[in-house]
Amino acid sequence: MYFNSLHTCSLLSYPILHSELGQFGLRPLCMTAITDRGLALIGGGLPSLQSLDASYCRKLTDKGLSAVADGCHDLRSLHLAGCRFVTDGLLFSLSRNCKNLVELGLQGCTNISDSGLADLVNGCQHIRFLDINKCSNVGDVGISKVAEVCSSSLKTLKLLDCYKVGDESIFSLSKFCKNLETLIIGGCRDVSDESIKSLAAACKNSLKNLRMDWCLNISDSSLSCILTQCKNLEALDIGCCEEVTDTAFEDLRNGEIEFSLKVLKISNCPKITVSGINMLLNQCSSLEYLDVRSCPHVTKAGCDEAGLVFPEYCKVNFTGSLSEPDVLV
C-alpha cells in the first residue's frame, strides 16, 4: 500500500507525510497483504486522510475500516469494491464520524442492506457518488432513503444487478434528485416504462449516462421519452431490452431535437432494424460508438445496402471485435 498525494511514500517505512494542502490520499499496492491491523494504523496515524481506495483488499472487515472512519473524520472518498466482509456496521461508523463523505464505492459488498444505507445517509447527507453495483441485498427502501436525503448532491448512482430495485426507487430519484447525471440500473428487471418516463421528465437537463440493459420491461414508450427529453444524454445502454423496436426512434424525425449522444449500446435487441438506426443517424452527428452486436436485422451488409452514413469518427461494433468504452461500467 502506498500514499498518493503531492508526495508518494511507502507505508512499509511509514514515513512522516507532508503536503502543502494537508490532504492525503491512499490506495492499495498489494491487495492480498492488507489486513485490519494495517488499516488500524492508518486510522490512528493519519487524521487528515481524505481519500482511501482499498478495493479488492479481500481480507478487510468492518473492524479495520471502522478504525479508519473513527480516526479520519475528514474522509471524503472511500472505495471498497470487492471487499466482501464489509457490512452495515461500517456504514454506521461512516455516518457517525465522516460527515464530509461524498464518494463511496461498495461494488460487490453483498452484506450491505437497506438498513445500512439508511444509517449511512443519516450522517453523510452530501453523497455525490454511490456505487453499489452487485449489492444484491439493497432494494427500494434503501435507495429511496438515499434519494430523499441526498437529493441536492447525488450525481452518480450505480445499481447494476441490484435485482430488488424496482420502480419505487426510480420514482424516488425522479421526485428528489433533479441533478442526477449517471444512473446504472442494468439487470434491475422490475423497472418499467412508467418510472423511466418520470425520470426522463425530472432529469431532462441533467442526465448524461443511462445504463438499463436487461431491464426487460422497458419498451418504446419510455425509450422515446429518454431520447426526446434528455437533451444532454451522452451514453445509453439498452442491450437485451427485447421489446424495443424502431418505433422508439420515430419521434427523432421531426428534426427539432438537438442530440448529443456519443455512445449507444443496443446489442441483443432483435426488433431494431436498419431503419431505426437510420432515423437515429439523421439526428445524431455526435455518435462515437454504436454497439449492434447480435441484432439480427442490423448487419454491416445491411447498413451498406441501405446507404447509411455514420459520423466520421464513429466506431460501429457489429461483431464484438472493438473495445468498449467504459463510461457505463
Side-chain angles (χ1 to χ4, degrees), residues 167 170-171 174 180 183 185-186 188-189 191-318 327-328:
D167 283 338
I170 309 304
F171 280 124
S174 303
L180 192 66
L183 179 62
I185 52 172
C188 298
R189 301 191 181 196
V191 172
S192 69
D193 282 334
E194 292 309 308
S195 65
I196 294 299
K197 289 177 185 178
S198 72
L199 181 76
C203 300
K204 61 183 179 182
N205 295 320
S206 64
L207 195 63
K208 295 180 180 179
N209 306 300
L210 177 60
R211 176 177 176 180
M212 49 183 186
D213 54 317
W214 287 103
C215 291
L216 301 181
N217 292 316
I218 296 302
S219 68
D220 294 332
S221 61
S222 60
L223 182 56
S224 178
C225 289
I226 290 291
L227 292 173
T228 57
Q229 295 184 46
C230 299
K231 58 184 180 181
N232 293 313
L233 191 69
E234 296 181 359
L236 175 65
D237 186 350
I238 56 166
C240 300
C241 293
E242 297 179 347
E243 296 305 311
V244 173
T245 74
D246 292 342
T247 302
F249 304 102
E250 287 184 350
D251 287 341
L252 299 176
R253 294 187 299 183
N254 60 27
E256 299 176 358
I257 300 164
E258 295 182 11
F259 216 40
S260 57
L261 194 66
K262 296 179 180 179
V263 175
L264 177 61
K265 302 176 72 174
I266 58 172
S267 61
N268 291 283
C269 290
K271 296 181 181 180
I272 293 178
T273 73
V274 169
S275 176
I277 301 301
N278 189 45
M279 285 185 273
L280 171 74
L281 293 176
N282 287 336
Q283 296 303 126
C284 185
S285 61
S286 57
L287 199 63
E288 298 176 1
Y289 178 84
L290 176 63
D291 183 356
V292 291
R293 290 173 298 167
S294 300
C295 292
H297 302 296
V298 184
T299 63
K300 188 176 188 308
C303 291
D304 291 342
E305 183 179 349
L308 266 60
V309 179
F310 293 93
E312 181 179 0
Y313 298 105
C314 181
K315 297 179 179 179
V316 185
N317 198 346
F318 288 103
V327 65
L328 291 171

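Numbers here are sequence positions counted from 1. From a predicted model like this one, the values you see are computed outputs, not experimental measurements.
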Exercise. Can you name the closest pair of heavy atoms from I226 and A200 and give their distance?
Worked result: CD1-CB, 3.7 Å
Seminar exercise, completed: When rounded to the nearest 0.5 Å, the distance separating CG of L290 from CD1 of I277 is 5.0 Å
Exercise. So, D237 side chain and D213 main chain: donor-acceptor pair closer than 3.5 Å or not?
Worked result: no
For this session: Check the side chains of T228 and D251 for a donor-acceptor pair under 3.5 angstrom, ignoring hydrogens and angles.
Result: no
Exercise. Nearest heavy-atom pair of C188 and C215: which atoms, and what distance?
Worked result: O-SG, 3.5 Å
For this session: Indicate the atoms forming the closest heavy-atom contact of F318 with T299, along with that distance.
Result: CE2-C, 3.5 Å
For this session: Not counting sequence neighbours, which residues clear side-chain contact (heavy atoms from CB on, under 4.5 Å) with S286? List them please.
Result: C284
Exercise. Between CG of L236 and CD1 of I266, what distance do you get to the nearest 0.5 Å?
Worked result: 9.5 Å
For this session: Taking all non-hydrogen atoms of both residues into account, name the closest pair between I272 and I238 and its distance.
Result: CD1-CD1, 4.4 Å
Exercise. Is the side chain of N282 donor-acceptor paired with the backbone N or O of N278 at a distance under 3.5 Å, no angle test?
Worked result: yes
Problem set entry | Residue pairs fulfilling side-chain hydrogen bond (donor to acceptor under 3.5 Å, both in side chains) with at least one residue in residues 289-298, sequence neighbours excluded | Y289-N317, D291-R293, R293-E324
For this session: Determine, for K271 against E243, whether the closest basic-nitrogen to carboxylate-oxygen distance falls under 4.0 angstrom.
Result: yes
Exercise. Would you call V298 and C303 a side-chain contact if the rule is heavy atoms closer than 4.5 Å?
Worked result: yes
Exercise. Is there side-chain contact between E250 and S224, with heavy atoms separated by less than 4.5 Å?
Worked result: no
For this session: Would you please test T273 and S275 for side chain to side chain donor-acceptor pair (under 3.5 Å) and show each step?
Result: CA-CA 5 Å; T273 73; S275 176; 4.6 Å; no
Exercise. What's the spacing between L328 CG and M212 CE if we round to 0.5 Å?
Worked result: 11.0 Å
Problem set entry | Step-by-step side-chain contact (heavy atoms from CB on, under 4.5 Å) determination, I170 to L183 | CA-CA 10 Å; I170 309 304; L183 179 62; 4.2 Å; yes
Exercise. Side-chain donor-acceptor pair under 3.5 Å between S195 and D167, yes or no?
Worked result: yes
For this session: Measure across C295 and N268 and return the closest heavy-atom pair with its distance rounded to 0.1 Å.
Result: SG-N, 3.9 Å
Exercise. Roughly how far apart are N209 CG and C230 SG, rounded to 0.5 Å?
Worked result: 11.5 Å
Problem set entry | Distance in Å, L233 CG paired with S206 OG, rounded so as to fall on 0.5 Å steps | 10.5 Å
Exercise. Can you tell me if S260 uses its side chain to pair, donor with acceptor, with the backbone of E234 under 3.5 Å?
Worked result: no
Exercise. Take atom NZ in K208; do more than 12 heavy atoms of anything else shown fall under 6.0 Å from it?
Worked result: no
Exercise. With side chains defined as the heavy atoms from C-beta onward, is the minimum distance between I185 and L199 less than 4.5 Å?
Worked result: no
Exercise. Once you round to the nearest 0.5 Å, how far does CZ of F171 lie from CD1 of I196?
Worked result: 9.0 Å
For this session: Mind running side-chain contact (heavy atoms from CB on, under 4.5 Å) on D246 and M279 for me, showing each step along the way?
Result: CA-CA 8 Å; D246 292 342; M279 285 185 273; 4.0 Å; yes
Exercise. Which pair of heavy atoms, one from C240 and one from C269, lies closest together, and at what distance?
Worked result: N-SG, 4.0 Å
For this session: Decide yes or no on side-chain contact (heavy atoms from CB on, under 4.5 Å) for V309 and L281, but give the supporting numbers first.
Result: CA-CA 8 Å; V309 179; L281 293 176; over 6 Å; no
